[in-house]
Structures are given as C-alpha cells and as structure tokens.
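Computation of the quantities below employed the complete heavy-atom set of this structure, encompassing side-chain atoms and omitting hydrogens, waters and symmetry-equivalent molecules. Here is the naming used below: chain letters follow the sequence lines, and residue numbers restart at 1 for every chain.
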Amino acid sequence: MQRLVCKRLGLGILRLSDQPGGSLQYCANVLRPAALFASKVPEQPTWVPIDHDRVPIDHDSLPEVPEIDLALVEQLERISLVEFNNEAGLRRLREAVKFANQMHVVDTEGVEPMDSVLEDRECYLRSDEVTDGNCVEDVMSNASKVEEQYFVAPPGNIPMKKRDKEHLSGILNTPTDGDKAS
Amino acid sequence: MAVSTTKIAILNLALPMRLKHIQSSLRNSKFIYACSFCGSSHQRSFTKYSSVKSNQRVNTDGGEKLSRKEWKSVIGLEIHAQIKSASKLFSGAGTQFGMSPNTQVSLFDAAFPGTLPVLNQKCVQAAVRTAKALGCHINRVSKFDRKHYFYADMPAGYQITQQRHPLAVGGSLTYVFQCSSTSRVERRSARLIQIQLEQDSGKSLHDLENGISLIDLNRAGVGLMEIVTAPDFTSGDDAASFVKDLRDILVALGTCDGRMAEGSMRVDANVSVHLPGDPLGIRTEVKNLNSTKNIRLAIDSEIQRQIEVLENGGVIENETRSFHAEDGQTVAMRDKEKLLDYRFLPEPNLPPLVIHLDGSTVSSGSSSLYVTLEEAECGKDKVLLPEQQRIILETKYGVPLIHSVVLVRHGLFDLFEVLVTHHNCDTRATAAILKTSFMSFLDDQKEEVTRNPVTTEQLAELIHIFQRGEISSSSLSIVLCELSTNSHHSCQSIIEERGLWMESNNDIILAAIEEVLAKNPQNVKSYKKGKVNQLKVFTTKVMKILEGKASASHIQSLIKDKLDK
C-alpha cells in the first residue's frame with residue numbers, strides 16, 4: 001500500500017535494510033525533504049484541559065446522558081460497525097457523551113454553523129476530460145478476494161454478526177455514576 | 001354485456017377469511033369497469049397483478065353501486081439520471097457503458113486513502129440546464145454532504161450528495177397523461193421538490209448460489225442528477241407518463257441519454273394509500289425500476305398489495321421493496337432496518353458550489369472554469385422541448401393532442417413541419433401517415449428518423465397522392481418499402497408497376513361485396529338482427545379481395561347501403 005502511494009506521488013523507493021525475520025523496510029527516496037515534509041502540526045500538543053477553577057461549569061445545567069438500552073447499542077453497532085462488547089466500551093461511550101455535552105456551555109446565539117474551513121472559497125471546477133482510470137492492477141491490489149476482475153464481497157448487505165448481549169444486561173439502563181471527571 | 005347476478009351477490013358479502021378464496025377466484029374473471037380516468041366502460045380481466053385503479057368501482061346493470069372502499073393512492077418519484085459527460089463527477093475516469101470491469105476506476109472511485117474529489121464542470125452545467133428547463137429556482141450557492149451507509153458497491157462508506165442545499169428547488173413539469181388501457185390523453189402537471197448532484201454507486205452482481213456478490217466499480221462515481229418530485233401522482237400510468245416525458249426532455253437537452261435499459265435512468269417510487277379524509281398512509285419505497293412498463297406494473301401492484309393488507313386489518317411497514325418482473329410482485333428488499341440513519345454531515349473536502357449570474361461576477365484574474373446561469377438560458381441552438389413542440393402542433397397546425405403526443409415522442413416534429421410548410425402537405429393526412437405507416441416502416445427497417453431511408457421529397461409526393469385519394473395507406477407502406485431499396489424510382493412508377501392505384505371502378509367493388517355477402521350468410525343474418533359490428537367484418541373481407549386498394553369508409557358505406565335496402 002505504501003509502495004503504491006509512493007509510486008503515485010512520483011517518489012522512488014529505497015530499500016533500507018533486510019531484517020533477519022524476512023521483513024523488509026522501505027523508505028521513500030525524497031528529492032526535496034524540507035519542502036515536502038514541512039509540517040504545520042506542532043510537535044507537542046498545545047491544548048490544555050479545562051481548568052475548572054477558572055472556568056466553572058455547572059454540570060446540572062448540561063443535558064443528561066441518554067439511556068443506552070440494548071436496541072440503541074445494536075443500532076449504533078449496525079451503523080458504525082464498531083463493537084461495544086464489554087462494560088468498558090459502554091462506560092467509555094457514556095463518558096464520551098458527557099464530555100461532549102460540555103460544549104453546551106458555549107453561547108452560539110446568532111452564529112452560523114461552520115461547514116468546513118473551506119467555506120469561504122468557491123468550489124473549483126475541472127474540465128470534462130478523461131484523465132484517469134485504466135489501472136486495474138492498482139485498483140485491485142488491496143482486495144483479498146478477486147474473481148475475473150471483479151471484487152468479491154459477501155452477498156447483499158454487509159452483515160452484522162449477531163452477538164449475544166446478555167452479559168451487558170447488568171450495566172445497561174443503570175444511571176450514570178456520580179463522578180464528574182472529564 | 002351484463003355481469004351475472006350470482007357473481008355480484010357473492011362479492012357483496014363481507015366474506016369471512018376462510019371463504020376469501022371465492023373472491024380471489026372471481027378476480028380471475030372478466031368484469032366491467034368504468035375506467036376512472038376516461039369514464040368509458042370497458043372489460044378488464046383481473047390477474048394477480050392487474051393494474052386496478054385504486055378508486056375503481058364495480059357497476060351492475062341495475063344501477064346499484066357496489067363499491068370497495070375508495071382508496072386514494074399517493075405516489076412520489078425519485079429519478080436518478082446519469083449525466084452525459086465524458087468523465088465522472090469527482091474524478092477523471094471515463095463513463096462509457098459496457099467496458100471491461102473495474103477498468104474505468106480511478107483511485108478516488110475505489111476510495112483509496114489520500115484521494116480527493118474534484119468537481120466536473122460539465123456535470124454542473126448539465127444540471128443547471130436541466131433545472132432551467134424544468135422551471136426550478138437555481139440556488140446560487142449549493143453545498144455537498146456525505147450520506148453514510150455500508151454497501152459493498154460503495155467503497156467509501158458514504159455517498160457525496162447535496163441534501164441541505166441542493167442545486168435547484170421547486171419547479172414543475174407539464175406532461176401528457178396516457179392511459180395504458182384506453183387511448184385517453186390529457187395534460188397534467190406535477191411539482192418538483194428539488195434537483196441535486198450526487199455520485200452513483202458501483203454495480204453488484206449477486207451470485208446467490210455461491211453466496212457472493214461480484215462488484216464492478218466502473219459506474220461508481222458517475223454523476224447523477226436526482227430529481228425528486230412531490231407526491232402528486234395517483235397511479236402507475238400517471239407516474240409512467242411523467243417519466244416518459246421527463247426522459248424526452250433530458251434527451252432533447254442532451255444532459256442524459258435516457259437509456260433506461262442500460263441503467264442511465266432509474267426511478268424509485270414512494271407509494272402509500274389512504275382513505276379520503278384520513279392523513280397520508282405509511283409509504284413504502286419501491287427501488288430501481290428500470291423501464292416505464294415496470295414502473296407502471298410495480299406501482300399498481302404495490303397499491304394493490306397495500307390495499308389488500310389494510311383491508312384485511314394489517315399494517316403497512318415503512319420498508320424498501322424491489323420489483324420482480326417475472327411474478328409482477330414487489331418484495332421486501334433488506335432486513336428490517338428501522339431508522340436507517342444516514343448521519344448526514346457536510347462534505348469537508350468541497351467548498352460551496354457557486355453558480356454565477358454571468359461572467360461579470362467571476363473574480364478577474366482567476367483562470368479557473370465557472371458556470372453561469374446565462375449560458376444555460378440562452379443558447380443559439382435553442383432546443384424545442386417536447387411540450388413546446390406539442391403546443392405548436394396543436395395551435396399552429398390543429399393536430400389534436402392524441403396525435404401530437406405520438407409525433408413528438410418519436411421525433412417526427414421536424415419532419416412534420418417540413419412536409420407541411422415546404423411541401424404543402426395537408427396536416428391531417430401528414431399526421432395520420434407519419435403516425436402509422438411511416439412509423440411502422442421505420443420499425444421494419446430498424447432505422448431512426450434521422451437516417452430516413454426515403455427522401456423527404458418522395459415522402460411528400462406520396463402524401464399528396466394519398467391526399468387525393470389515389471392510394472390507400474396499406475399500399476403506401478408497400479411503396480415506402482420499395483423506395484428504400486430502389487431509391488431512384490419515382491413513386492408514380494412504383495405504383496404503376498405494382499398496380500397499387502386505388503380501385504376507382506365501383507363495379508369491381510360492388511362485385512367483391514356481393515362475393516363476400518354470398519359467402520357469409522350467417523354474418524348477414526346477425527347484422528340484420530342488430531349486430532352492427534359485422535360491417536367491420538365484411539369490410540375487412542372485401543379489402544382482402546381488393547388487396548387493400550380501396551377506402552375502408554367507402555366500402556363500408558356501400559355495404560351498409562346494400563344491406564339496408
């Protein structure tokens with residue numbers, strides 16, 4: 001996969017070393033390292049957690065974490081394909097919702113929601129010419145199963161494995177614990 | 001044509017469930033219906049998937065009206081029309097139909113990480129032209145969104161569409177409703193809700209025996225115009241007529257090639273039924289109807305199914321169904337997925353799409369492409385849309401709607417105009433000939449109007465001869481065939497050669513009539529008893545003897561005179 005991306009970017013491949021276990025390491029041979037990899041992302045995180053003394057948040061005025069029942073868990077699993085198959089997962093979900101609810105403190109009266117950082121620009125239009133395609137090997141290179149130039153997929157919709165959720169019944173529908181840690 | 005009273009008596013009972021089979025067997029017999037659209041009574045036979053209009057009644061001769069409940073059906077359509085562009089909506093891969101699988105796929109279409117969408121100018125122009133032709137209000141600024149759902153033919157896991165701020169809103173279309181069982185036509189109007197740009201998904205071939213699906217991404221990413229209508233339709237015929245007119249408009253504008261069989265245009269129908277006075281019923285969606293015939297059959301069978309379920313005390317579920325043409329039934333498609341949550345979010349990689357009024361609002365110095373409303377409106381090659389052509393035919397040339405619909409649908413408008421204006425052909429004769437003999441001639445030759453095997457001059461000459469009553473329409477078809485093979489012959493010479501001149505000698509006609517009447521004494525008797533349609537039978541037989549070289553109406557009047565003496 002990395003080889004493919006490097007090839008597309010027009011970078012050469014340089015073989016670094018041959019490990020005893022048989023795996024190889026590759027490194028992209030970059031022509032102008034400084035220009036390509038000058039990143040605007042700072043090396044250390046610059047955000048700080050909320051200091052509750054300076055910014056008091058009245059937790060009672062925030063919306064409640066909704067009740068998470070079995071039907072909701074199944075629906076979330078179906079639309080996200082992420083499994084919540086243990087207590088830790090569910091607890092993390094509840095805490096994530098509680099954490100996100102802190103945003104309700106911010107006053108957004110009269111402020112238009114932002115779509116993206118590009119919303120002040122105009123969409124660029126490209127002329128209608130065939131400039132791409134005809135790269136079947138590249139396109140199929142990641143597929144695990146291929147048949148006569150078709151991708152092979154499970155029939156119909158992608159099935160969700162029906163897992164037994166009995167072990168979760170103890171922790172579902174219980175009220176949130178009293179800790180207010182963010 | 002009276003319906004037997006026993007049948008009516010059984011239908012009138014509120015049958016318990018165990019006797020419902022009687023009703024269903026009655027369904028397979030013929031009943032007289034008053035067609036709710038044209039009011040004329042005609043025989044209809046019920047079949048499993050008959051196109052029973054939802055608010056139809058069964059009438060008896062005694063004037064006693066037995067009605068099933070008067071259900072009102074409500075249908076809304078979503079038409080997905082593939083834009084006729086060389087490359088896809090957001091990538092540079094080609095869009096040709098029928099190419100080897102997965103060859104017209106770029107890395108963006110296959111959802112490789114690190115690829116980004118770039119919008120195609122031609123697709124935007126096509127959508128703007130279509131929206132203008134359908135009378136929509138075009139939003140100067142429209143935005144793209146992501147619609148998330150998992151399916152193997154959509155590798156990204158989401159489809160880029162325009163849900164919040166579509167390209168165009170509102171609009172309406174005046175179309176000609178054509179009843180499929182009678183020849184009734186009338187103009188109707190349907191409102192449009194919006195037109196938006198979106199990506200197409202790939203194609204999946206389901207191999208149920210081996211339990212796999214084969215995915216071809218050639219179609220993934222091709223630009224689609226989704227045209228959403230208001231729920232203004234009431235039957236399968238209604239919806240099918242609308243789709244036919246819409247297809248003609250898109251093909252005339254050049255924005256879609258309208259080949260439903262190839263999948264360039266697909267229709268989803270939202271169907272619900274309710275009793276008058278009640279709120280709208282729960283709707284089901286019938287997906288991927290790919291021919292006008294299937295649209296009509298699927299919608300009518302779905303209406304029928306919903307009525308049956310509700311009359312038996314059941315409940316309609318809000319689900320997606322697909323249509324099996326072999327059985328003529330709709331079947332539920334996916335497992336019950338209540339609350340299909342698409343989790344719409346704004347597409348972060350695409351800035352808002354701006355449609356300029358004209359070139360003046362574009363920032364100077366920018367070399368990039370843009371789309372203006374001005375170029376969509378004016379066009380030196382301004383195309384006449386089908387409805388405009390029909391209006392011209394009716395107002396300028398006096399062609400009734402029932403004929404103008406056929407002429408326009410088969411692209412005969414230009415030919416008609418040339419024949420009538422340049423060659424001074426009579427409008428009625430021209431309309432009749434073009435609609436019947438000429439169309440069947442083209443069908444036989446498997447040619448299009450643009451590649452007419454016969455020259456316009458020859459056609460005009462033939463029509464003049466027909467106008468003068470010197471040749472019958474069946475002989476005209478023969479001459480057309482001759483002309484296509486030997487184009488250097490003149491019409492006159494062909495008619496002479498084949499002896500196709502209209503029989504002007506009345507004696508010969510009368511002799512033929514005598515022969516027919518002598519050979520069919522039974523039919524003469526039934527005519528004298530009052531069966532007037534025997535006249536037609538006689539006329540056909542006489543025409544056969546005369547090899548079609550006479551006017552049917554003339555023969556019929558001669559026979560009538562003879563028999564009524």
Side-chain angles (χ1 to χ4, degrees), chain A residues 1-9 71-72 74-82 112-160 162, chain B residues 85-87 91-95 100-110 112-114 118-124 143-144 148-153 204-208 211-217 334-335 337-341 343 346-354 368-371:
Chain A
M1 173 59 196
Q2 291 137 330
R3 288 174 87 172
L4 180 59
V5 172
C6 291
K7 189 167 80 172
R8 286 260 149 176
L9 286 174
L72 186 61
E74 286 192 344
Q75 190 192 358
L76 288 173
E77 289 198 349
R78 189 172 29 236
I79 59 177
S80 67
L81 294 187
V82 174
E112 273 296 307
M114 185 174 87
D115 290 338
S116 75
V117 292
L118 307 169
E119 62 178 10
D120 291 331
R121 299 187 187 196
E122 213 177 288
C123 194
Y124 172 81
L125 297 175
R126 137 185 96 78
S127 76
D128 184 31
E129 284 159 10
V130 178
T131 55
D132 217 337
N134 278 313
C135 48
V136 191
E137 292 85 33
D138 288 345
V139 164
M140 311 287 269
S141 59
N142 283 339
S144 56
K145 261 178 97 176
V146 167
E147 187 174 308
E148 281 182 39
Q149 237 175 277
Y150 285 96
F151 292 98
V152 176
N157 211 342
I158 295 170
M160 187 188 73
K162 278 263 173 239
Chain B
S85 59
S87 58
S91 74
T95 56
S100 183
N102 288 312
T103 46
Q104 296 200 114
V105 183
S106 69
L107 292 185
F108 170 76
D109 303 322
F112 271 62
V118 187
L119 184 55
N120 181 338
Q121 185 204 29
K122 181 108 186 273
C123 292
V124 182
K143 300 184 183 173
F144 290 96
H148 299 82
Y149 62 93
F150 292 113
Y151 207 78
D153 63 16
S204 38
L205 307 170
H206 300 290
D207 184 357
L208 293 171
I212 55 168
S213 288
L214 299 174
I215 310 291
D216 172 16
L217 295 179
R334 309 185 186 150
D335 340 286
E337 291 174 59
K338 355 172 206 181
L339 305 172
L340 198 63
D341 184 0
R343 293 174 291 150
E347 169 62 53
N349 294 325
L350 289 171
L353 172 64
V354 174
S368 53
L369 301 171
Y370 54 88
V371 173

**Complete:** When the 4.5 angstrom heavy-atom criterion is applied to B:Asn349 and chain A, the contacting part is backbone

**Item:** Under the side chain to side chain contact (heavy atoms under 4.5 Å, CB included) test, residues paired with A:Arg121 that sit two or more places apart
**Value:** A:Leu118, B:Pro351

**Request:** Give, for atom CG of B:Leu214 and atom CZ of A:Phe151, the distance between the pair rounded to the nearest 0.5 Å.
**Result:** 11.5 Å

**Message:** How long is the straight-line distance from NZ of A:Lys145 back to CD1 of B:Ile212, given to the nearest 0.5 Å?
**Reply:** 6.0 Å

**Message:** I'd like to verify something: which residue of A:Gly133, A:Ser127, A:Cys123 has the highest number of heavy-atom pairs under 4.5 Å with chain B?
**Reply:** A:Cys123

**Request:** Please check if the side chain of B:Gln121 supplies one atom and the backbone of A:Leu125 the other of a donor-acceptor pair under 3.5 Å.
**Result:** no

**Prompt:** At their closest point, which heavy atom of B:Pro101 faces which heavy atom of A:Glu148, and how far apart are they?
**Reply:** CG-O, 4.4 Å

**Prompt:** In terms of heavy-atom proximity below 4.5 Å to chain A, should B:Ser91 be classed as side chain, backbone, both, or neither?
**Reply:** backbone

**Item:** Contact origin within A:Glu129 toward chain B - heavy atom pairs under 4.5 Å
**Value:** backbone

**Complete:** Here the pair of heavy atoms bringing B:Val105 nearest to A:Cys135 is O-SG, 3.5 Å

**A:Glu147 CD to B:Asp207 CG distance, which is reported to the nearest 0.5 Å** = 7.5 Å

**Message:** Quick one, B:Phe144 and A:Ser116 - any side-chain contact, counting heavy atoms below 4.5 Å?
**Reply:** no

**Message:** Rounded to the nearest 0.5 Å, what separates atom CZ in B:Phe108 from atom CG in A:Asp132?
**Reply:** 11.0 Å

**Asked** Among B:Asp109, B:Leu217, B:Val118, B:Leu353, which residue forms the greatest number of heavy-atom pairs with chain A at distances under 4.5 Å?
**Response** B:Val118

**Asked** Can you check whether A:Glu119 reaches B:Pro346 side chain to side chain, under 4.5 Å on heavy atoms?
**Response** no

**Message:** Please classify the contact of B:Val124 with chain A as side chain, backbone, both or neither, using a heavy-atom distance under 4.5 Å.
**Reply:** side chain

**Item:** Residue list, side chain to side chain contact (heavy atoms under 4.5 Å, CB included) with A:Leu72, at least two apart or on another chain
**Value:** A:Ile68, A:Asp69, A:Gln75, A:Leu76

**Request:** Carefully, step by step, assess A:Val130 and B:Gln104 under the rule side chain to side chain contact (heavy atoms under 4.5 Å, CB included).
**Result:** CA-CA 10 Å; A:Val130 178; B:Gln104 296 200 114; over 6 Å; no

**Request:** Select one option (side chain, backbone, both, neither) describing which atoms of B:Thr95 are under 4.5 Å from chain A's heavy atoms.
**Result:** neither

**Side chain B:Asn102, main chain A:Val136, donor-acceptor under 3.5 Å** = no

**Complete:** Most heavy-atom pairs under 4.5 Å with chain A, out of B:Ser85, B:Ala110, B:Cys123, belong to B:Ser85

